[in-house]
Amino acid sequence: MSYRRAILAAPLALLLAPPARATPEAMREAMRAVLGTAAPRPGGIALDVPPLVDNGNAVPLEVIVDSPMTDAAHVRAIHVFNEKNPQPLVFHAWLGPASGRARVATRIKLGDSQRVAAIAAMSDGTFRIAEADVIVTLAACFEELT
Amino acid sequence: MANVLVSAPKQARAGEIVEIRTLASHPMETGFRAGTNGTLIPRDIVREFSCSYGGVTVFRMELSPAIAANPYIAFHLRARETGPIVLRWTGDNGFSVEETVTLQVA
Amino acid sequence: MRRIAALLAAVFVASLALAQTPPADPRRSGYADMAPAVRAMQDDDAANPAMLWVAEGRALWSKPEGTAGAACATCHGVAERSMTGVAARYPAWAPAAGAPATLERRVGLCRELHQGRPADAPGEARARLALLAYVALQSRGLPISPPADRRLDDARAAGEALFERRLGQLNLACAHCHSDNDGRRLAGAAIPQAHPTAYPLYRLEWQDLGSLQRRLRNCVVGIRAEPWPADDPHWVALELHLTHRARGMTLEAPGVRP
């Protein structure tokens with residue numbers, strides 16, 4: 001790139017520089033921090049989230065993992081990530097045999113239609129993954145900040 | 001002021017799995033929103049939720065700004081012995097609430 | 001031949017049944033058009049965020065306040081008994097104001113006159129809203145029953161006219177959306193018939209509990225009209241018309257809406 005081009009491109013790059021925002025890449029990176037080098041496998045985990053919501057401010061989400069939840073075999077943690085909110089992390093939850101059932105429910109904010117992923121860390125060191133796409137519709141009438 | 005609501009069974013048989021469901025009054029301000037004057041509204045979230053049963057932490061959650069306002073959290077416990085279930089929410093600006101319910105185990 | 005006779009008989013019986021059942025009420029609560037996930041939030045008290053305000057209201061109900069050192073319970077006793085049906089018949093005539101008042105205004109008047117507290121800040125004072133939610137809960141499941149009080153007639157008629165009157169830069173009346181185009185969609189949202197069946201309610205958009213007046217203010221701002229001040233008679237008039245229009249519908253308060 002010539003010097004002149006570089007000068008021309010600089011303000012454009014500034015404009016295009018994304019504000020701190022999660023991206024599919026940022027989500028994968030955040031997931032790697034949990035997974036290390038392990039490859040998560042689908043199956044034995046359900047991510048229950050409505051496919052279409054009227055409002056992204058409170059989207060019900062539940063993660064259910066198939067596990068006897070005994071000392072020998074249980075879910076150690078459940079991690080949820082998203083790909084387009086300002087940050088990729090939604091929550092980390094730690095549980096164990098005392099939980100009895102590997103099931104966590106909450107409500108999340110989704111700034112836009114996007115993919116959500118849940119990872120379960122099992123006591124044998126393996127990981128399971130479930131993903132879901134949520135479409136967030138936009139309201140026509142909303143309160144203006146006052 | 002009642003700023004959290006906990007619904008949990010009062011009694012259970014030993015070994016029975018019970019569900020604990022909670023709501024907490026909290027704005028969960030993300031820190032990414034601009035106010036009317038254009039400047040960012042500072043982040044104010046619940047950062048951690050935990051549950052101890054009979055003195056042992058049995059469930060813990062790290063929350064992010066992506067958790068909805070007035071956070072709803074539901075999880076499960078295996079009833080072991082009669083004892084206090086202590087739920088604790090802590091967060092930005094010194095937010096700290098503790099609520100105790102007692103589970104009678106027969 | 002026998003089959004045709006049977007068919008004719010069946011049609012006759014069916015038309016008779018149709019003639020005998022009164023026509024179905026075409027009015028729909030906004031609840032009917034909500035996504036299952038949002039309905040579930042309203043249906044379950046342990047999941048309904050509005051219950052946080054109800055719990056605050058319950059605590060406030062028996063807390064002595066103001067120069068009178070009186071609690072709501074001092075005059076009104078047990079809310080589960082004394083407040084049953086109250087929210088279903090507001091707005092009502094408030095002698096202290098010499099005018100019709102919404103339930104939230106009425107709660108505010110009580111706090112000023114009988115507890116001797118300073119007036120609540122206009123808009124959404126949290127304590128007043130919490131009491132409103134707690135009082136409204138005592139009418140959950142009851143039909144909306146506007147009182148037949150002649151003193152309300154003028155304001156109710158004004159509200160009806162206001163509902164049909166074009167306002168704001170978009171030059172729209174309430175009726176353009178909520179009577180002429182209900183059931184259709186505006187962007188991604190269903191246009192409801194605007195029956196106030198669940199107020200005060202937790203709106204996911206607000207991430208907060210709010211009154212009918214707050215919702216009406218949003219509508220007025222939405223059509224680019226200048227909203228009236230808090231507790232202005234225009235709001236009361238509109239509420240009177242809306243409750244009259246929704247009379248007999250079941251109160252779901254405190255509800256949840258997207």
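The sequence lines fix the lettering, A, B, ..., with proteins before strands; numbering per chain opens at 1.
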Highest number of heavy-atom pairs under 4.5 Å with chain C: which of A:Leu52, A:Val59, A:Asp54?
A:Asp54
Would you find more than 12 non-hydrogen atoms of other residues, nucleotides or ligands less than 6.0 Å from C:Glu226 atom CD?
no
Nearest 0.5 Å please: distance from the CD atom of C:Glu205 over to the CG atom of A:Asn55.
7.0 Å
Would you mind checking which part of C:Ala190 comes under 4.5 Å of any heavy atom in chain A, side chain (CB onward), backbone (N, CA, C, O), both or neither?
neither
